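What follows is one structure encoded as structure tokens, with my remarks underneath.
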Amino acid sequence: MRRSCSISLPVLVVLSAIGYLYYTTVFIFIDGWLGLRTSPGLMNAFIFTAMACMCIFNYAVAILRDPGSVPPSFVHDIEDAQTPIHEIKRKGGDLRYCQKCSLFKPPRSHHCRICRRCVLRMDHHCIWINNCVGHANYKVFFVFVAYALSSCIHSLALLVGNVTYDAQKDEQQSEGSLRTAYIISAVLLVPLTVALSILLGWHIYLILHNKTTIEYHEGVRAMWLAEKVGNVYRHPYDLGPYENLTSVLGPSIFTWLCPTSGHMGSGLQFRTSYDGANSLPTLK
């Protein structure tokens with residue numbers, strides 16, 4: 001499912017950075033250090049190009065794919081034995097209902113003030129893709145971050161190798177435009193690598209616990225409230241690390257880095273740790 005979108009300034013910044021880093025990595029770092037006509041040079045150029053293409057492809061899908069909309073016909077079925085828990089409002093205890101969309105809210109869905117609609121399994125709104133990260137594009141967003149980080153590490157390694165190679169030559173070839181390219185690339189690559197490493201690590205943590213960013217912050221509050229009355233809070237969608245991992249990335253390791261998310265279902269209902277138990281409410 002696709003959505004109409006406009007190219008925003010942050011998206012243009014990301015695309016410009018990708019284009020610049022690809023050019024400098026292949027035609028300056030690899031060509032200047034290893035040479036594009038050598039086996040090591042061709043191998044590095046091929047690997048980096050493949051990762052860059054996957055990065056751009058997943059980035060485009062994350063931008064264009066609808067993160068998941070609540071069907072107008074959706075209603076909670078409190079008598080469904082397949083739904084062991086129902087999320088309710090903190091105040092009043094009613095089933096969750098969005099006053100702005102005039103729709104009942106499925107489990108794990110939230111209203112995005114920027115998109116002005118409810119999003120299924122919403123994680124957050126990302127300005128860098130000009131879209132929400134939700135049920136239908138969460139895996140694609142995660143895969144994009146993984147490829148982007150791998151590409152940055154590869155490019156940074158080639159930059160260091162090229163600078164070291166130039167330093168060993170008693171020539172002035174690294175002056176002028178080449179030195180400028182080195183500096184700009186380093187200014188881009190170092191903070192990008194750090195930021196993407198933190199972002200990827202954060203989402204690996206979330207996936208292993210089957211949480212979204214919103215649910216993490218809600219869980220902190222729920223844990224604090226539970227401790228006040230002597231109870232123990234447990235995230236209802238935590239099925240264990242392996243089950244959590246396969247429910248988001250897919251059942252096979254060969255599909256983990258592919259932009260497919262059909263295995264995740266409709267986004268209207270999710271397995272919980274209470275499956276097979278009596279119906280239990282959870283506050284949202």
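Predicted model only: the values in this text are computed from it and were never measured.
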- prompt: ring-ring contact (aromatic ring centres under 6.0 Å, His included) with Y205: which residues, sequence neighbours excluded?
  reply: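 Testing Y205 for ring-ring contact (aromatic ring centres under 6.0 Å, His included), a comparison that skips the adjacent residues, returns W202, H209.
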message: Can you list everything that forms a ring-ring contact (aromatic ring centres under 6.0 Å, His included) with F104? Sequence neighbours excluded, please.
response: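 Counting only residues at least two positions away or on another chain, F104 forms a ring-ring contact (aromatic ring centres under 6.0 Å, His included) with H76, Y97.
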Spacing of [X] atom [atom1] and [Y] atom [atom2] [to the nearest 0.5 Å]:
X    : Y    : atom1 : atom2 : result
F74  : L268 : CZ    : CG    : 6.0 Å
K139 : R65  : NZ    : CZ    : 9.5 Å
L36  : D31  : CG    : CG    : 4.0 Å

task: Check the side chains of N44 and H154 for a donor-acceptor pair under 3.5 angstrom, ignoring hydrogens and angles.
output: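 Looking only at side-chain atoms, N44 and H154 do form a donor-acceptor pair, the distance falling under 3.5 Å.
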message: When you compare the side chains of Y22 and S155, does any donor N or O come within less than 3.5 Å of an acceptor on the partner?
response: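 Distance-only check fails for Y22 and S155.
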Return yes if some donor-acceptor pair links the side-chain N/O of [X] with the main-chain N/O of [Y] below 3.5 Å, else return no.
X    : Y    : answer
S273 : P236 : yes
H135 : S69  : no
N58  : F144 : no
N131 : C126 : no
T246 : E243 : yes
N137 : G134 : yes
T24  : L21  : yes
W256 : G250 : yes
R121 : F270 : no
D123 : V133 : no

field: E218 to H110 - nearest heavy-atom pair and separation
entry: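 Between these two residues, the closest heavy atoms are OE2-CE1, 3.3 Å.
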query: Within 45° of the ring axis of Y237 and under 6.0 Å from its six-membered ring centre, is that where the NZ or CZ of R271 lies?
result: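 Cation-pi check for R271 and Y237: fails.
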task: Please report the C-alpha distance between H235 and Y216 in whole Å, then the side-chain angles of each, then the deciding distance to 0.1 Å, and finally whether the ring-ring contact (aromatic ring centres under 6.0 Å, His included) criterion is met.
output: CA-CA 9 Å; H235 182 57; Y216 170 81; over 10 Å; no
field: Heavy atoms from other residues, nucleotides or ligands near OH of Y20 exceed 12 (cutoff 6.0 Å)
entry: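 Yes, because the 6.0 Å sphere around OH of Y20 holds more than 12 heavy atoms from other groups.
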field: Identified side chain to side chain contact (heavy atoms under 4.5 Å, CB included) partner of C152 from the options L196, T25, V194, V190
entry: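 Among L196, T25, V194, V190, the one that satisfies the side chain to side chain contact (heavy atoms under 4.5 Å, CB included) with C152 is L196.
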CA sep, side-chain torsions, deciding dist, call: N162, Y182, side-chain contact (heavy atoms from CB on, under 4.5 Å): CA-CA 9 Å; N162 198 20; Y182 294 160; 3.2 Å; yes
query: With a 4.0 Å cut-off, would you call R117 and D66 a salt bridge?
result: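 Here R117 pairs with D66 in a salt bridge, since their nearest N and O are under 4.0 Å apart.
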